[in-house]
Every structure is written in structure tokens, then in C-alpha cells.
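Being a predicted model, the structure only gives us computed values, none of them experimental. First the proteins, then the strands, lettered A, B, ... as listed; each starts at 1.
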Number of protein chains: 2
Amino acid sequence: MPRKTTTDKTPRAKTSASAGRFSYDGLDRVLHEKARLGILASLAANPDGLLFNDLKQLCVLTDGNLSRHLTVLHEAGLLETWKGTTGPRPQTMCRLTANGQRRFAEYITVLEQVVADAQRDAQPATTPPLSKRRSPA
Amino acid sequence: MPRKTTTDKTPRAKTSASAGRFSYDGLDRVLHEKARLGILASLAANPDGLLFNDLKQLCVLTDGNLSRHLTVLHEAGLLETWKGTTGPRPQTMCRLTANGQRRFAEYITVLEQVVADAQRDAQPATTPPLSKRRSPA
DNA sequence: CACAATACTTTGTATTATAAAGTTATCACA
DNA sequence: TGTGATAACTTTATAATACAAAGTATTGTG
């Protein structure tokens, strides 16, 4: 006689209560980080590139912090850096790579999903309650 | 004679290129985490609460992981847990606190801002380029 | 030429996400 | 009734990593 396992395989509603419905796999660790998200958003808003100092101010980051995050993004192939000079001072210019633009756009798509999920909840509860009682004693 | 500092106080455009424009201060560390974001979204979608196992499946988390994140959220006052039994087994029921609902809603507002920023970029560049050259040699 | 400032980079530390192992209790069955 | 399996978590340990503090190299200034 098959025992009733608690990890039931009953079909459920696939739409809003399926397994993995809220796992948000697309939230890549590299992109889903406050500081780096700000950096990417800044660069996406300025396709022709930004200087180290611009990013520092736009994202309110310390030098070391920004440097580290840029390295991470660079190693992930999301941005490219160009070393040059503006006037007498050395400057680092950053811009998104084509890949970076695509990855960022994909990430934003997931964020839209998160927002959409949350907005659905604001509605008067169209979703059926999940697993109120599953096996009364 | 006042030296020209690079941290310039020039007004700039306050709308889209001001300092801190992309710092996203509202992205609270407790909420801005893949796993916890999934948990919160799940609970927001099910205001009458979810069981430990429901969350485990919805968010695809291991037991230990989920347990830890629930503790963090609980300590932050975002959710409350109720220990009971469903049939013979002990069960933990989780639901958002009023505070948790509010904080989550606030967080979602920031996400909307992020998405809006990114969507603005998709437009043919209405924003003026920031700091192309600031002090020609 | 000393001193301050710019534009970063490197190093260290403290947090923490995740996995692995442990705990308690129930159930099936021999 | 005792032994192993399973459920439902919790605790501990480890591997990442975000952040800050200190370091480096160059330039400008009196």
C-alpha cells in the first residue's frame, strides 16, 4: 500500500502556485546587488560611457567599493574599461558591453515579473489559497 | 584664489544625472536578496499564510536555507511564525506582519523605479550625456 | 622640493548565504 | 516493541563577498 507522502505530486494550479513559482532564478548574483545594479543602471542610461568619478557620485560609492564592483562586472564580461586622460589626470571610462546590455535587459525583465507578482497581490485575492489544510487528522 | 576642486558643486540637471541618482538607497539588504525576495513575494501572494514546505517548494530552497532566511525575516519583524500541527506532524505557518507588508510594498516601489530607469534607457536617449569633457586641457 | 590632492588599487575584516550535519518526533512493520 | 525510514526543522561550519581602510602612483602648488 503506497504511503501518503507529504511531498505530494497533486497537479495544483500551474499558474500561480506551482513549485518554483517564486524562485526567481533569473536574479543573477552578479547583477542582483544594490551597488552593481546602480552601476549597471547608470551605464545603461549613458551608453557612451561614464567616468569613475561619475559613477562614484551617481551611485554614492567609496573608491574602493566602486573599484571592486567594476572588477567583478568586468570579469563577468558586462562592462569594458578604457584608461585615458582627461586633461592632466588619468581617467577610467566605463561602458557596457553588448553582452552587458543584454544581460541587464534580461535582469530587468525578471524585476518586472517580481513587480507584476507584487501588484497582483494588491488585487482582492484572485489567487486560490494554497494548502489550507491538506490532511485533517 | 579658490582652486577648482574636481568634486564640483555645479548644479547639473537634477532630474536624471544628479549625485545619488542611482544609489537606490531603498534596496534594503534584508529584502533585496533572491531567496528572501521570493519568500516575501510568496507570502504577499498568500496573505493567509504559508507552511514551511509550501515556501520550500515555491522558492526551491533547502531546509536549512529556508530556516535561516525565515529567522532573518522574523528578526527583522517582517514575518510572524506559528507552530502547530497539521494532522500528526508539526508545522510552521508563516505570514507577513503588517510591517512586513508595508516594507515589501516600499521595496517594490523602488524596484519599479529601477525598471522605469531601465525602460527610459530603451528610449532614443532623451537624457543629456553626462560629463563628456569637463575641463579641456 | 615638500605638501596636498587626484584617481584609483590592494588588503583586511566582518557579514552572510549556503550546504552539511544534527535533532526531535512520528510512522511502518517485523 | 524496537528498528529503520521519513518529516520537519535547527544548528553548525564554510566559502563568498561587500565594504572600508590603507596603500600607491602621479600631478599640481607655493
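- Follow the hydrophobic side-chain contacts under 4.5 Å out from A:V60 and you never reach B:Y24; the two are in separate clusters.
- Of the listed nucleotides (C:dA17, D:dA18, D:dC9), D:dA18 has the atom at the smallest distance from the side chain of A:R36.
- Interatomic distance, A:H69 NE2 to A:T62 OG1, rounded to the nearest 0.5 Å: 8.0 Å.
- Each of B:P90 and A:L61 lies near DNA chain D, and the nucleotide nearest B:P90 is the one positioned closer to the 5' end.
- Rounded to an integer number of Å, the gap from B:H32 NE2 to D:dC19 P is 10 Å.
- Of the side-chain N and O atoms in A:T62, one or more sit less than 4.0 angstrom from OP1 or OP2 of D:dA20.
- Rounded to whole Å, the distance from CZ on B:R68 to C1' on D:dA8 is 18 Å.
- In this structure, the nucleotide among C:dC8, D:dC19, D:dA8 sitting nearest to the side chain of A:T92 is C:dC8.
- Here the nucleotide nearest the side chain of B:H69, chosen from C:dA17, C:dA5, C:dA25, is C:dA17.
- Counting only heavy atoms from C-beta on, B:N65 has its side chain closest to C:dT18 among C:dT18, D:dA20, D:dT10.
- Considering all non-hydrogen atoms of both residues, A:Q113 and A:R21 come closest at NE2-NH2, 4.1 Å.
- The distance from atom CZ of A:F52 to atom C1' of C:dT6 is 11 Å, rounded to the nearest whole Å.
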Inset, instruction - Report the C-alpha distance between A:E106 and A:R102 in whole Å, list the side-chain angles of each, state the deciding distance to 0.1 Å, and finish with yes or no for salt bridge (charged side-chain N to carboxylate O under 4.0 Å, His left out). - result: CA-CA 6 Å; A:E106 288 170 5; A:R102 188 173 50 76; 2.9 Å; yes
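- Spacing between atom CE of A:M93 and atom P of C:dA7 amounts to 14 Å, rounded to whole angstrom units.
- Atoms CG (A:L70) and C1' (C:dA7) sit 12 Å apart, rounded to a whole Å.
- To the nearest angstrom, P of C:dT6 lies 15 Å from CG of A:D54.
- Closest approach to the B:K83 side chain among D:dC19, D:dT10, C:dC8 is made by D:dT10 (side chain taken as heavy atoms from C-beta onward).
- Side chains of B:I39 and B:L58 form no contact here, defined as non-hydrogen atoms less than 4.5 Å apart.
- Phosphate contact (OP1/OP2 of D:dA8, side-chain N/O of B:N53, threshold under 4.0 Å): present.
- Distance from the side chain of A:R89 is smallest to D:dT27 among D:dA20, D:dT27, C:dT18.
- For the pair A:T97 (side chain) and A:L78 (backbone), a donor-acceptor distance under 3.5 Å is present.
- For A:R29, whose side chain is taken as the heavy atoms from C-beta onward, the closest listed nucleotide among C:dT9, D:dC19, C:dA17 is C:dA17.
- The B:P88 side chain lies nearest to C:dC27 when the options are D:dA20, D:dC19, C:dC27.
- Distance CD (A:Q57) to P (C:dT6): 12 Å, rounded to an integer number of Å.
- In the set C:dA7, C:dT10, D:dT10, C:dT10 carries the atom at the smallest distance from any side-chain atom of A:S67.
- At the heavy-atom level, A:K56 lies nowhere under 4.0 Å from the strands shown.
- Separating the CG atom of A:D63 from the P atom of C:dT11 is a distance of 17 Å, rounded to the nearest angstrom.
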